[in-house]
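Indexing begins at 1, ligand by ligand and atom by atom, following the structure's order.
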Amino acid sequence: MSRFAVDLSLQEIYAMEDKECLQFLIQIRWGSAETSRCPHCGSISNHYFRPLERRWKCRACDRAFSVTSDTVFAARKLKLQDIVAGSLLWINSAAGQPALELKRHFDKTYNTAFTLQHKMREALVRGYNVGLLSGDIEMDGAHASGKDSVARRGRPQVSKPDTKDTPVEELQAQIEEASLTGVAQQKRRNQRRKNAAKNPNAPRDPVFGTQFPADRRQFITVRKRSGVRGYGAVVSKVAIARAEDAKSLTAVISDFIAKGESFLNTDGFGPYDKLGDDFLEHRQANHSEALVGPNGENNNLAEELNFRMDRAEQGVYLNLEPKYLLDYAVETAFRADTRRMPNGSQLQIALHLALNVGLSRYWRGFTHGRHRKEELTHPHPAPARASGPAKGRNPRSPSSGRPPR
Ligand SMILES: [Zn+2]
């Protein structure tokens, strides 16, 4: 809320001359105004700058490169100012930003806004917090994506009657009735049955045994406590799994945490029971009794990130496709970790990664139908189909199945 939270505005970006904007990005990419790194041969030097082309010629290999060569923005069509402004607008939205919103602010096409945002997310997925965590670590899982999000865990969702005098039998009957006659409940059950028939090998809830819908995923959070009271977590990492079971959790732990140097804090959810053995200590809070155990055991910071993810999914993005869930989850983790920074610093971190993780693996050629073929889940990526026609296709072209009119 303070003035400190805002140190870069849209006006400042559009007031930049082309040269100033270039200088801004050079500083963010290489951390220096004079020295750059040739993306072709890797030599670091004060390469020859050609001011008219706004490109460098490498002193070692003679090849030319620009500030966006070998970055997620390579072969860009947008002006540099537009890239910086679009990224800032995306950063400024506190809980996430739909592509339609950016398109409206930005006066570009939907595809341009969508691809720009996703390139920024890709930079975070591939570059942000990629090392191992150690210290006081919290871990938790939550359901994400998929239809039927209210009926999480397969339990009938019935509002609790609030009278204390109603006999137990009558309450039971009420619950039965609500779960049998509700049209929504009926629909849910049918949907679940259909999903089960379609996909007999779909993962099951490790505790309740119910089969998950095909598009349900688990969002697994790992957070490091700051150790300062009231300051919350300092580093967050997230993973997506088909089920919060021992196999996925073991993979997440070995990818994310230096076990021998860490304390593990989780809830009492079954699959965690045997995972704490290699840690210095495993503290579990039994959530069926209280949020905090008798000796202060809790994983409330991990829960907090789950709530952030829920709010982004239900309040901003509305419908997250499982294939891109990790991208949105990492975005949410980034927003949580940088929550105390002014927006200019947040932008610099995100742009630094976008300019240093190399070419875009997932979004180059997206508008020409080149879509990601995998879903980034733990323990290993899963193949994923495109969920719709290629964005940007001509609906009248023969490939749409209809003859051209
Ligand atoms: Zn070179």
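With Tyr362 as the aromatic partner, Arg370 does not meet the cation-pi criteria of under 6.0 angstrom to the ring centre and within 45 degrees of the ring axis.
Proximity of a side-chain donor or acceptor of Asn299 to a complementary backbone N or O of Glu138 within less than 3.5 Å is not detected. Thr250 places a side-chain N or O within 3.5 Å of a backbone atom of Ala246 that can act as its donor or acceptor partner. A side-chain donor-acceptor contact under 3.5 Å links Arg29 to the backbone of Leu355.
Around atom CD of Glu34, no more than 12 heavy atoms belonging to other residues, nucleotides or ligands sit under 6.0 Å away.
Taking the side-chain contact (heavy atoms from CB on, under 4.5 Å) definition, one finds that Arg59 meets it with Ser45, Asn46, His47, Tyr48, sequence neighbours left out.
Taking distances strictly below 2.8 Å, the protein N/O/S atoms close to the Zn ion (ligand 1) are Cys38 SG, Cys41 SG, Cys58 SG, Cys61 SG.
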